[in-house]
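Contents: one structure, followed by commentary.
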Amino acid sequence: MDEQITINLTPDEALVLSDWLERVQMTDLSRLVDDAAVWALIHRLAGTLDKALPGVFAADYSERLEAARRRLRAPVDDDGGPSHPGD
C-alpha cells in the first residue's frame, strides 16, 4: 500500500476539475455516489486541488474559471496541441 499513483493535470484542467468537484460535494448525489469510500476520495481530491490552486480564492475566480473552460474546449490537432483554423 506504499505505492502511489500520480495524476498530472494542467493548471486549466485542475481548476475546472476543482470547480466540478466542489459542485459535486454541494449537490445531493447520494443515488449516484452511494459509497462512503468514494465520497472520501472526492473530498480528498477537492482538498488537494484547493491547496494547489492559488487562484481558487482570487477575486477574479469566475473569470479565471471561464477562461480555463474556453481553453479546454478549444479543438485540438492530431498532435494533441491546440488547433489553429487555416493551418
Side-chain angles (χ1 to χ4, degrees):
M1 293 297 286
D2 293 335
E3 291 184 44
Q4 294 199 5
I5 296 174
T6 301
I7 298 172
N8 295 310
L9 300 172
T10 67
D12 284 348
E13 292 167 339
L15 186 61
V16 171
L17 180 59
S18 174
D19 181 73
W20 182 80
L21 287 170
E22 179 67 25
R23 287 185 286 130
V24 165
Q25 292 177 89
M26 304 306 280
T27 305
D28 180 19
L29 294 177
S30 58
R31 288 175 289 161
L32 178 63
V33 182
D34 62 352
D35 185 340
V38 174
W39 278 114
L41 176 59
I42 288 171
H43 293 304
R44 181 172 177 199
L45 282 171
T48 300
L49 288 171
D50 284 350
K51 290 176 190 170
L53 294 168
V56 170
F57 302 105
D60 63 344
Y61 172 75
S62 295
E63 292 83 10
R64 291 177 188 219
L65 177 61
E66 191 51 43
R69 286 178 173 154
R70 277 194 306 273
R71 288 188 292 269
L72 289 173
R73 289 183 191 123
V76 294
D77 63 20
D78 292 336
D79 296 327
S83 172
H84 300 284
D87 282 351

Discussion item. Just to verify, what does R69 make a side-chain hydrogen bond (donor to acceptor under 3.5 Å, both in side chains) with, not counting sequence neighbours?
Written reply: D19

Worksheet, complete the sentence: In this structure, CG of L65 is separated from CG of D60 (nearest 0.5 Å) by 11.0 Å

Practice prompt. Check A68 against D12 and note the closest heavy-atom contact, atom names and distance.
Written response: CB-OD1, 3.5 Å

Practice prompt. Sequence neighbours left out, what passes salt bridge (charged side-chain N to carboxylate O under 4.0 Å, His left out) with D50? Give chain and number order.
Written response: none

Contacts under 3.5 angstrom, residues 40-49 side chains, donor-acceptor by atom type, not counting sequence neighbours:
{"unit_1": "H43", "atom_1": "ND1", "unit_2": "Q25", "atom_2": "OE1", "d": "2.4"}
{"unit_1": "T48", "atom_1": "OG1", "unit_2": "R44", "atom_2": "O", "d": "2.9"}

Worksheet item: Of all heavy-atom pairs between T10 and E13, which one has the smallest distance, and what is that distance?
Response: N-OE1, 2.8 Å

Worksheet item: Do the side chains of L21 and F57 join up, straight or via other hydrophobic residues, at under 4.5 Å, putting them in one cluster?
Response: yes

Discussion item. Check this for me: does any side-chain nitrogen of one of R70 and E63 sit under 4.0 Å from a carboxylate oxygen of the other?
Written reply: no

Item to complete: Hey, could you give me the CG/CD distance between L15 and E66, rounded to the nearest 0.5 Å?
Response: 10.5 Å

Worksheet item: Same cluster or not: are L53 and I7 linked, directly or through other Ile, Leu, Val, Met, Phe, Trp or Tyr residues, by side-chain heavy atoms under 4.5 angstrom apart?
Response: yes

